[in-house]
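Read through the structure below, which is laid out as structure tokens, and then see the notes.
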Amino acid sequence: MTQGTTQEAYATLLRDHIGPALRALGFKGSRGAYTADRREAFVNLGFQRSAFGDRTRADFTINVTVAPVAEWNAARAAHPVLGRRPAASGFYLPHLFGTGAWQARIGHLMPDGRDHWWMLTPESDVRALAEEVITALTAFAVPAIEAHLPRNPDM
């Protein structure tokens, strides 16, 4: 189904398909920035569009971040440039900031282990593309998030 422009197709993809699916999984957010914070960690999914998109095509990928709250707050005290919480598509090198953040692009979590970008055009089947993205999120990103959450032996 033609969406008009790539921007309209992308907005439809996120608003009408991916957003509701992520909310059903316990995430909140919109427009490509989603969080599912736990008491012990900040959890982010950040949709990143390629800088080379135009009216006819947009490529996008998903960045996944888990940052332990205690380590993040300690890093913020030492590095005021860090925000109250990690941004969904920010890049926080532990060796630079000591945030303890684990980050990966979704493609590196998938079986072939390589960067993966989805292509969207105004002619794309947005519903089918959304199903593919949601499947990748539930099969690869969500388990990786769970595996990287800090474990509290007292809980």
Side-chain angles (χ1 to χ4, degrees), residues 6-7 9-54 57-120 126 129-155:
T6 301
Q7 292 79 8
Y10 189 70
T12 298
L13 176 75
L14 292 174
R15 181 189 64 239
D16 297 347
H17 301 284
I18 293 174
L22 287 174
R23 283 187 276 288
L25 292 170
F27 286 83
K28 59 185 176 184
S30 62
R31 297 188 187 131
Y34 300 91
T35 62
D37 296 341
R38 306 298 197 275
R39 185 174 66 213
E40 71 280 4
F42 297 113
V43 176
N44 293 330
L45 295 175
F47 284 67
Q48 177 184 338
R49 288 177 63 177
S50 168
F52 302 106
D54 59 23
R57 178 178 172 163
D59 295 339
F60 67 94
T61 190
I62 306 164
N63 299 307
V64 184
T65 302
V66 176
V69 171
E71 290 180 50
W72 184 263
N73 289 337
R76 281 184 61 221
H79 304 282
V81 68
L82 295 173
R84 182 187 69 76
R85 57 164 300 116
S89 285
F91 191 59
Y92 306 101
L93 297 172
H95 70 277
L96 288 181
F97 298 113
T99 63
W102 168 82
Q103 296 181 287
R105 284 237 181 107
I106 194 164
H108 295 280
L109 306 174
M110 296 167 71
D112 69 2
R114 298 188 323 181
D115 206 10
H116 183 83
W117 292 73
W118 285 272
M119 182 182 72
L120 177 68
V126 174
L129 182 59
E131 288 177 15
E132 183 180 328
V133 172
I134 292 162
T135 297
L137 287 165
T138 56
F140 307 110
V142 171
I145 288 167
E146 293 298 324
H148 286 89
L149 287 173
R151 303 290 177 223
N152 184 342
D154 299 330
M155 296 179 74

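Just the heavy atoms: all of them, side chains too, but no hydrogens, waters or symmetry mates, feed the values below. Quick caveat, the model's predicted, so the values are computed rather than measured.
Residues satisfying the side chain to side chain contact (heavy atoms under 4.5 Å, CB included) criterion with T6, sequence neighbours excluded, are R49, A58, P122.
Between W118 and F60, the ring planes are parallel. Angles under 30° get that label, and only those over 60° would be called perpendicular. Between W72 and F42, the two ring planes are perpendicular [angle over 60°; tilted spans 30° to 60°].
Two residues are said to be in side-chain contact when any heavy atoms from C-beta on lie closer than 4.5 Å; I62 and Y34 fail this criterion. Side-chain contact check for R84 versus R76: some heavy-atom pair is nearer than 4.5 Å. Counting heavy atoms from C-beta outward, R57 and F52 have side chains that stay 4.5 Å or more apart. Counting heavy atoms from C-beta outward, V43 and L149 have side chains that approach closer than 4.5 Å. Residues R105 and N63 form a side-chain contact, since some pair of their non-hydrogen atoms from C-beta on lies under 4.5 Å apart. No side-chain heavy atom of E40 sits less than 4.5 Å from a side-chain heavy atom of V69.
Of all heavy-atom pairs spanning L14 and G32, the tightest one is CD1-N, 3.6 Å. Looking at every heavy atom in both residues, S50 comes nearest to W117 through N-CZ3, 3.6 Å. Taking both residues in full, the closest heavy atoms of R15 and P20 are given as O-CD, 3.3 Å, listed atom of the first, atom of the second, then distance. V66 and H148 get closest at one heavy-atom pair: CG1-O, 3.5 Å. Contact between G100 and P68 at its shortest, heavy atoms only, is O-CD, 3.2 Å. Listed here is the closest heavy atom pair of P143 and A139: CG-O, 3.3 Å.
No side-chain donor-acceptor contact under 3.5 Å links N44 to the backbone of G46.
Distance check, rounded to the nearest 0.5 Å: CG of D59 to CD of Q48 gives 11.0 Å. Separation of atoms NZ (K28) and OG (S30) is listed at 12.0 Å; rounding is to 0.5 Å. Between L45 atom CG and I106 atom CD1 the span is 7.5 Å, to the nearest 0.5 Å. Taken from CZ in F140 to CG in L109, the straight-line distance is 9.0 Å, to the nearest 0.5 Å. Of the inter-residue distances, the one linking I134 atom CD1 with L129 atom CG reads 9.5 Å to the nearest 0.5 angstrom. One finds the NE2 atom of H108 at 4.5 Å from the CG atom of D115 (value rounded to the nearest 0.5 Å).
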